[in-house]
Amino acid sequence: MTMVAMNPPPQWVDTHCHLDAPEFDADRDAVAARARAAGVGLQVLPAVKAAAFDTVRDLAHRHGLAYALGIHPLEAGQAQDADLDRLEAALAAHRDDPRLVAVGEIGLDHFVPGLDLARQDRFYAHQLRLAQRFGLPVILHVRRSADGLLRHLRRIDVPGGIAHAFNGSDAQAAHFVQRGFRLGFGGAMTFERALQIRHLAAMLPDTVPVLETDAPDIPPQWLYVRADERDARPPSRNEPAELPRIARTLAELRGWSLEDTARRTTANAVAALPRLAGLMAPHAVNPAGLAQ
Ligand SMILES: [Zn+2]
């Protein structure tokens with residue numbers, strides 16, 4: 001078979017986008033279309049609560065994207081215990097859905113004050129066990145909570161996944177990597193003062209970084225509106241079409257070409273969430289010519 005020499009445009013994967021968020025109610029279809037036009041071939045839509053399980057699945061099917069099912073630590077307080085049963089039922093009902101790629105967004109938040117930490121812990125551990133049982137990777141929310149997350153991962157072995165918006169120490173990063181996790185980098189990396197995030201993005205092994213927007217949250221530096229400007233300008237909304245521009249920061253930090261950045265981060269996303277392979281355009285999955 002002869003390979004035709006041709007370089008298709010890079011295809012990006014936004015490994016973390018809340019397309020179901022109310023911020024997108026007015027123009028969700030346009031947001032999805034802009035992302036695709038910008039070369040973001042896939043997005044992973046993690047649910048944050050049981051009421052969103054059907055919504056993210058419908059959106060993923062409607063727009064040709066991927067989704068994850070889980071209860072976010074910041075939602076654990078309002079969630080009912082029965083929501084864990086709803087999660088289990090949804091994972092069982094859709095276990096053969098190729099667009100269901102992970103259990104998430106789950107995890108621990110030790111930053112927001114006043115949360116019920118024991119309840120967060122219980123929801124997180126229960127959902128790790130579900131991921132283990134269904135053989136799915138997990139998408140982790142980690143905010144000042146890396147050690148707590150790792151403590152449970154040592155007890156409950158899951159098939160890896162992504163620690164999203166990672167902002168831990170070098171040692172914590174190494175522990176996640178040892179457990180087969182990829183680390184998510186997004187808008188926060190575009191701020192020059194984000195020294196530790198940029199250090200990690202530059203220094204981690206090639207096989208570790210994946211890209212994400214966390215849209216509508218974590219606006220990159222060029223969309224950010226300072227608190228003292230917010231009377232004059234509306235708060236900024238991040239969107240998945242920003243991913244290729246965010247990726248330029250990763251490319252600069254690592255000394256990669258933009259094409260290499262797309263190929264490598266896509267390959268890393270597929271390694272973290274293997275079901276993505278079945279959803280990608282063929283040239284994006286098989287990174288021909290990628291130096292090892
Ligand atoms: Zn999120």
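All ligand and atom numbering here is 1-based and tracks the order in the structure.
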J.: So, Tyr224 versus Phe191, ring centres under 6.0 angstrom or not?
T.: yes
J.: Can you check whether Phe181 and Phe166 have ring centres sitting under 6.0 Å from each other?
T.: no
J.: Any N/O/S atom of His18 sitting less than 2.8 Å from the Zn ion (ligand 1), backbone or side chain?
T.: yes
J.: Got an N, O or S from Glu105 under 2.8 Å of the Zn ion (ligand 1)?
T.: yes
J.: Restricting to N, O or S atoms, which atom of His16 is closest to the Zn ion (ligand 1)?
T.: NE2
J.: Might you point out which heavy atoms bring Glu242 and Trp222 nearest each other, and give the distance in Å?
T.: OE1-NE1, 2.8 Å
J.: How are the rings of His141 and His164 set to each other: parallel, tilted or perpendicular (split at 30° and 60°)?
T.: tilted
